[in-house]
There are 2 protein chains.
Amino acid sequence: MTTAARRPATLDDVARAAGVSRSTASRVLAGNGFASSTARERVRTAVSLLGYVPNAAARALVHGSGVRLLVAVAGTGPAVLDDPYVDQAVAAVARACAPHGLGVAVQWVPVDAPERLTRLTDDRGVAGLVLLNTTTDLLDLVPRRLSGRTVSIGIGSATVPSVDIDNGGGTSAIVRHLYEAGRRRIAMVTGPRWLACANRSVRAYRRLLHDAGLPAREVVGDFSAARGHAAAREVLRRWPDTDAIVGISDATALGVIGRLRADGVRVPDDVAVTGFDDIPLAATVALTTASHPVRQIINTAATMVLEERAAPATTVFPSTLVLRESA
Amino acid sequence: MTTAARRPATLDDVARAAGVSRSTASRVLAGNGFASSTARERVRTAVSLLGYVPNAAARALVHGSGVRLLVAVAGTGPAVLDDPYVDQAVAAVARACAPHGLGVAVQWVPVDAPERLTRLTDDRGVAGLVLLNTTTDLLDLVPRRLSGRTVSIGIGSATVPSVDIDNGGGTSAIVRHLYEAGRRRIAMVTGPRWLACANRSVRAYRRLLHDAGLPAREVVGDFSAARGHAAAREVLRRWPDTDAIVGISDATALGVIGRLRADGVRVPDDVAVTGFDDIPLAATVALTTASHPVRQIINTAATMVLEERAAPATTVFPSTLVLRESA
DNA sequence: GATTGTGGTGGCAGCGCTCCCAGGTGTGTG
DNA sequence: CACACACCTGGGAGCGCTGCCACCACAATC
């Protein structure tokens, strides 16, 4: 037990140790205002000697700036938070925040009651906002206090910047690949209708089939493996001659494959299956999918919020087709 | 744009609206101290009318209590944070924190320089500590300021409470199952040596093999699918007659299966494979594994930290054998 | 010698909150 | 009727920090 009952040092301690006033110490640390080189030096040594770490709460209090980022996830129920994608986003944001002395919180916002966001942002503790599964409603509810401190992962607006994936392009590439591989009866397990990014995928799918003179075969899913599992059966019940199933996500595709295999349907021989995202496990089960630099996307978002260089603009990350055995 | 440039309400606003003093309003909200039922009522309506949310920073400042939980993850490099398990833990803690107005931060602590933890805990902003991949060194470095506000996920100590998985029991059940299914040449892809929970699994594996008069066949892994992938080949190179491989984690097992199948080895016919944890995808690929209520475990840990009812004791969660086709 | 800088410094208010304490207003008891 | 003893309330200090402002010394200028 090397740790004494030592009280973390305050700026007063530092100032005293350096033989200057608190104001001077503060000025040195802030780096603005005047300070002689000797004062600067003495304060710096005192800081490292005492292991001084500024009190984020006090700083936030005087600046009125808040003390954590809020990851707000729109969804139909609190279960949206039970999602590895959300986990990943939260963790990535947390990692980016740590050096800034900020924390992260996650909250769910009902799709059909977006105004609940206001209750969350009324908390002065919220220093910034990361929007997930963003809807246009939500974008309009971002308070002015947090503009320039908000990034949407997905769609953006004139006031809210965003980082996004080229869902349309990715899905087009997948469907085109299936078509070129000779598949003609291509079904899709979609995402929830209210979700913009899912809709872009669905629209791309429809467009391509339409242009090829083929009918669309859609079953609504929700990104989950469990739903994919159920949806696979529904697809084959409604359109037994289906020879390819496009999953809105890798999890969906994995669920689909699980069901098909269990039902004795061969993948890809009888039915080709594709995913979307290229999660680590996709490689393991040889899933054809579209790859996105998810980590990089989330980091970009987190950085934008933290650096406050969040000019209202959309950064779109490309989608790369990854060919594996499942299609 | 329904949001005016409205300044979030302060306790002063509430008090003024309710026609009482700030002290009274504070007392009502804290729920301690005296307050007439009329005062109570008026304050409450004012609160909901103004949408008042207490300022966590101010509260933390006066209490000296910090404003976020720190999830400290021990590992050999910052890459430990690139782990879905960590993501899940961070996100779960974040979810548990949100209602308390707390945020979460994650930081990595080098296994061979645990004293770095001190630098992290010197930050007054840290209200509590969740230790992951805990080592005994780390446990000794928890400052007194945070005792009762610290939970270790994994091993604990006389002063630090912990929530843990019965790794030994789970692994025993798995190995026993393999043995009873007639497997006699059972290999294991282990975890890193410095990790207590991994060692418990390894010891259980050795014990059972030893008792059965069988030799251990161990290859060191690191929980990752990629390492499992490589380790599978190493196992079969060193012990070509291996008829079962025990993975330290599901990811490891999935990597192993991927490699085996790619090499034309039939699973489970030629080699049975087992995992550990029962991640969602385990069901999809029909992996025999040991199931743990991970979510519940992490929530328990988060709750313990938040409620400060963290008496130094270890809560061990059981491990349940889940039989699927892979073994 | 009086003025106007200029680089450097410390005093002090105040961010929003909690909590102690002094000071009320009622009721019950000696 | 005085007193104790509830219950209830507001004043005010102070948590650690920032940033404004006043101040000081010293130099350059009129």
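All values below come from the heavy atoms of this structure, side chains included, with hydrogens, waters and symmetry mates left out. Here the structure is a predicted model, which means the values were calculated and not measured. Order of the sequence lines sets the chain letters (A, B, ...), proteins ahead of strands, with each chain counted from 1.
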Exercise: do A:Asp222 and A:Ser224 side chains pair donor with acceptor under 3.5 Å: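 Looking only at side-chain atoms, A:Ser224 and A:Asp222 do form a donor-acceptor pair, the distance falling under 3.5 Å.
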Residues B:Ser162 and B:Ser152: side-chain donor-acceptor under 3.5 angstrom: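 Judged by distance alone, the side chains do not pair up.
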Selected nucleotide, minimal atom distance to B:Ala39 side chain, candidates C:dT9, D:dG16, D:dT9: D:dT9
Note: B:Arg95-A:Asp82 ion pair, threshold 4.0 Å (strictly below):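 Answer for the salt bridge query: yes.
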Salt-bridge contact B:Asp122-B:Arg145 (side-chain N to carboxylate O under 4.0 Å): no
On the side chain of [X], is there an atom forming a donor-acceptor pair with the base of [N] - under 3.5 Å, no angle test?
X	N	answer
A:Thr10	D:dG16	no
B:Arg27	D:dG10	yes
A:Arg40	C:dG8	no

Can you measure [X] atom [atom1] to [N] atom [atom2] for me and round it to whole angstrom units?
X	N	atom1	atom2	result
B:Arg22	D:dA13	CZ	P	12 Å
A:Asp123	C:dC17	CG	C1'	14 Å
B:Arg42	D:dT9	CZ	P	10 Å
B:Asp13	C:dC15	CG	C1'	13 Å
A:Leu29	C:dT9	CG	P	14 Å
B:Phe34	C:dT27	CZ	P	16 Å

DNA chain C contacts among residues 57-67 of chain A, heavy-atom distance under 4.0 Å: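 Only A:Leu61, A:Val62 qualify.
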Is the shortest side-chain N/O distance from [X] to OP1 or OP2 of [N] below 4.0 Å?
X	N	result
B:Thr24	D:dT9	no
B:Ser26	C:dT18	yes
A:Ser23	C:dC12	no
B:Arg124	D:dG16	yes

Side chain to side chain donor-acceptor pair (under 3.5 Å) between A:Ser21 and A:Thr24, intermediate numbers included: CA-CA 5 Å; A:Ser21 77; A:Thr24 302; 3.2 Å; yes
A:Ile153 side chain reached by A:Leu131 side chain, heavy atoms, under 4.5 Å: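 SC-SC contact between A:Leu131 and A:Ile153 ruled out.
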Comparing B:Ala35 and A:Ala30 on DNA chain D - which has the more 5′ nearest nucleotide: B:Ala35
Donor-acceptor contacts, no H, no angles, side chain residues 41-59 of chain A, under 3.5 Å, sequence neighbours left out:
| unit_1 | atom_1 | unit_2 | atom_2 | d |
| --- | --- | --- | --- | --- |
| A:Arg42 | NE | A:Ala18 | O | 2.8 |
| A:Arg42 | NH2 | A:Ala18 | O | 2.9 |
| A:Thr45 | OG1 | A:Glu41 | O | 3.4 |
| A:Thr45 | OG1 | A:Arg42 | O | 2.9 |
| A:Ser48 | OG | A:Thr45 | O | 3.1 |
| A:Asn55 | OD1 | A:Ala57 | N | 2.8 |
| A:Asn55 | OD1 | A:Ala58 | N | 3.2 |

